[in-house]
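Reckoned from all heavy atoms, side chains included, excluding hydrogens, waters and symmetry mates. All chains are named by letter (A, B, ...) in the order of the sequence lines, taking the proteins before the strands, and each is independently numbered beginning at 1.
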Amino acid sequence: MTFELFLFYLFGAILLGAALAMISVRNPVHAALFLVVCFVSAAALWLMAEAEFLGLVLVLVYVGAVMVLFLFVVMMLDINIARLREGFSEYLPVGLVVAAAMATVLVLVITRYITMDAPERAGPEYANTEALGAVLYTEYVYPFEIAAVILLVAIIAAISLTMRRRPDNKRIDPARQIEVSREGRVRMVSMKSEDKARRARGAERDDDPNQE
Amino acid sequence: MFDWILNLFHSLPTVMQILIGIQLIIIPLMLGVAYLTFAERKIIGYIQVRVGPNRVGPRGWLQPIADALKLLMKEVIVPSNANRFLFFSAPVLTIAPALAAWAVIPFFEGGALADVNAGLLYLLALTSLGAYGIIIAGWASNSKYALMGSLRSAAQLVSYEIAMGFALVGVLMAAGSMNVGDIVQAQSGSVYHWFLLPLLPLFFVYFISGVAETNRAPFDVAEGESEIVAGFHVEYSGMAFAVFFLAEYANMILISALTAVLFLGGWLSPFQGILPAAMFDWPVIGTLLGDGLHWFLIKTALFLFIFLWLRATFPRYRYDQIMRLGWKVLIPVTIVWLFVLGVFVAFDVGPWFA
């Protein structure tokens, strides 16, 4: 067994173990963290298949951004785990049937139809990112741009659906804050000096405003 | 003498070479972190007309060693009902990406541990992983303050990562490569060839987001002591806290080094193309004036000083204003400048894209 093969099985085992743990652990935060482990080991497998762009983007987008927000939400929510687990045994047979069907299809496809030799190593000069960019911006430029526009529409839709102006929001407009000038805040009052006796009496009064 | 060591190094097996390379990076880095904390206290001290630490050793030079010893001796307290495993893995998860990212940084020509094609992408991916340490620390501590701090920092990191990523897109458009060594090579010529000038807005965006990504003042709401005590690491003590501390400073050095490499030409000498070429052949002065590791270190130190300067100068941002700066100011600036860059590249403007 070469070192590379050892790494492949190692990451594969971590991936499978973490995926199983993700659906079986009780704590939702732990489940989200196991999903992160899944993504990282999948990225490692992609790196080994010389798809460094996909591997790094998986880490960057899914691990670095999506799962952070996921954890953010899961940590804030007070999830009732007992209610989520209700009816687990009830749905288990259906789930098992679906899982068995999926597994059978996968095994059949992989063993019967995919008889592929290991692809040749492209060597250190090959840059997966460049190769991907070259086809993405030439051959598949229209599908690529349409996908980009659809994503943009989705962003705008999500923002416009969730944005609401709250009347009790005390947010301050930074432009107005910057425009504040001395004239708007300070009033200079010129007054005559007072004699000592009156000032002493005035001070007494100031000590307790409820005296009068 | 030097050749003899180099020959010995190349005769070792590859794994040994890599391990020695890692040591050569990590040990100076850790020393740098230790003395950066000392420099920070001294520099901020002088900015505030104080002397700073001056008791331990001559002029206080042994202060960081004393601090490290103190933290090592202290007891590590685990909060009740905290998740032990996650509680202790959080500091490790914070420092690991901060150290791993150094693998692709070129210290001098051909002086990177790993000469990776997708180096820039690797750096982005690793810096984005740093958020996990903070989030897990906040959650595993079983403390409200820690959770608040980690939620703030998660939102902040995700927001500023976008601006940072766009700034890096500008760099790779200008350099035409994601290999960090090639990015430095693309800036060779003279000072005017550095990406500082054509990418000036992106340079500012990158450095500001870098300060935000490292949770440093004025973006340190994650540990805003006036509101949430010490934020995500409020429950950590002793060595567990020290590891967070190390990670923060290692990240500062990393961001400074990256800014130097991506915008200020890394190891390239500022005198290149200005002084006559014959001067670089002079015995000692030529080596000092020519390209090399020392220029990389000087440029990194410059940005580290700016980090400390910012901390001594600015009050902390309010949370909503941090979000506004990230989303409504920095991201639009980068997008506009990417369009401008596209025009520059298309029309071969200036000495940079010719």
Side-chain angles (χ1 to χ4, degrees), chain A residues 3 25 27-30 32-37 39-40 43-44 46-47 50-78 122-133 155 159 169-175 177-178, chain B residues 14-15 83 85-86 89-90 93 97 104 115-132 134-136 138-140 146-148 150-159 161-162 164-165 168 172 176-179 182 213 317-321 323-325 327-329:
Chain A
F3 182 61
V25 290
N27 192 322
V29 173
H30 291 178
L33 289 175
F34 273 119
L35 188 56
V36 171
V37 176
F39 282 144
V40 173
W46 259 340
L47 279 181
E50 294 190 327
E52 78 266 9
F53 182 78
L54 290 178
L56 289 172
V57 165
L58 182 72
V59 173
L60 180 63
V61 176
Y62 280 90
V63 179
V66 174
M67 285 314 293
V68 170
L69 292 181
F70 230 88
L71 269 176
F72 191 104
V73 174
V74 168
M75 279 175 1
M76 294 233 283
L77 292 179
D78 186 24
E125 292 306 310
Y126 171 77
N128 172 254
T129 318
E130 269 178 50
L132 204 65
I155 294 173
I159 292 174
N169 191 335
K170 290 186 180 152
R171 196 174 63 88
I172 306 163
D173 183 10
Q177 263 182 314
I178 293 168
Chain B
T14 321
V15 181
N83 187 314
F85 176 73
L86 286 182
S89 48
L93 280 175
V104 294
D115 196 16
V116 185
N117 268 334
L120 217 52
L121 211 58
Y122 171 83
L123 282 169
L124 255 181
L126 274 183
T127 41
S128 70
L129 284 183
Y132 278 96
I134 294 174
I135 294 179
I136 291 173
W139 186 77
L147 187 64
M148 290 300 291
S150 69
L151 289 180
R152 282 180 178 195
S153 112
Q156 184 183 323
L157 288 178
V158 170
S159 314
E161 217 154 72
I162 300 167
M164 201 174 204
L168 291 183
L172 91 91
S177 168
M178 293 218 290
N179 183 313
D182 288 352
E213 288 268 303
Y317 258 104
R318 216 171 56 202
Y319 182 75
D320 62 318
Q321 289 179 340
M323 286 295 140
R324 177 180 167 272
L325 180 72
W327 288 97
K328 292 188 177 173
V329 179

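- Rounded to the nearest 0.5 angstrom, B:T127 OG1 and A:L60 CG are separated by 7.5 Å.
- Here the straight-line distance linking atom CH2 of B:W139 with atom CG of A:L33 works out to 7.5 Å at 0.5 Å rounding.
- Contacts with chain B were tallied for A:V59, A:V29, A:T129; A:V29 has the most, counting heavy-atom pairs under 4.5 Å.
- Proximity to chain A is limited to the side chain of B:I136, based on heavy atoms less than 4.5 angstrom apart.
- Looking at B:I135, the atoms closer than 4.5 Å to chain A (heavy atoms on both sides) sit in the backbone and in the side chain alike.
- Heavy-atom minimum distance, B:S128 versus A:G64: OG-CA, 3.6 Å.
- Shown here are the side chain to side chain donor-acceptor pair (under 3.5 Å) partners of B:S159, two or more places apart in sequence or in another chain: B:W327.
- For chain A, the nearby part of B:L86 is the side chain; its heavy atoms alone come within less than 4.5 Å.
- Shown here are the salt bridge (Lys or Arg N to Asp or Glu O under 4.0 Å) partners of B:R324, two or more places apart in sequence or in another chain: there are none.
- Considering CD of A:E52 and OH of B:Y122, their distance stands at 13.5 Å, rounded to 0.5 Å.
- When all heavy atoms of A:L71 and B:Y132 are compared, the pair lying nearest together is CD1-CE2, 3.6 Å.
- Heavy-atom distances place the side chain of A:V36, and not its backbone, under 4.5 Å from chain B.
- Crowding of B:Y319 atom OH: a count of heavy atoms from other residues, nucleotides or ligands under 6.0 Å exceeding 12.
- For chain A, the nearby part of B:L147 is the side chain; its heavy atoms alone come within less than 4.5 Å.
- Of the atoms belonging to A:L56, heavy atoms from both backbone and side chain fall under 4.5 Å from chain B.
- Interatomic distance, OG of B:S177 versus CD of A:E130, reported as 7.5 Å (0.5 Å rounding).
- Residue A:F39 qualifies as enclosed at atom CZ: its count of foreign heavy atoms under 6.0 Å is above 12.
- Contact of B:A118 with chain A is made through backbone and side chain together, with heavy-atom distances under 4.5 Å.
- Heavy-atom neighbours of A:F72 CZ from other residues, nucleotides or ligands within 6.0 Å: above the threshold of 12.
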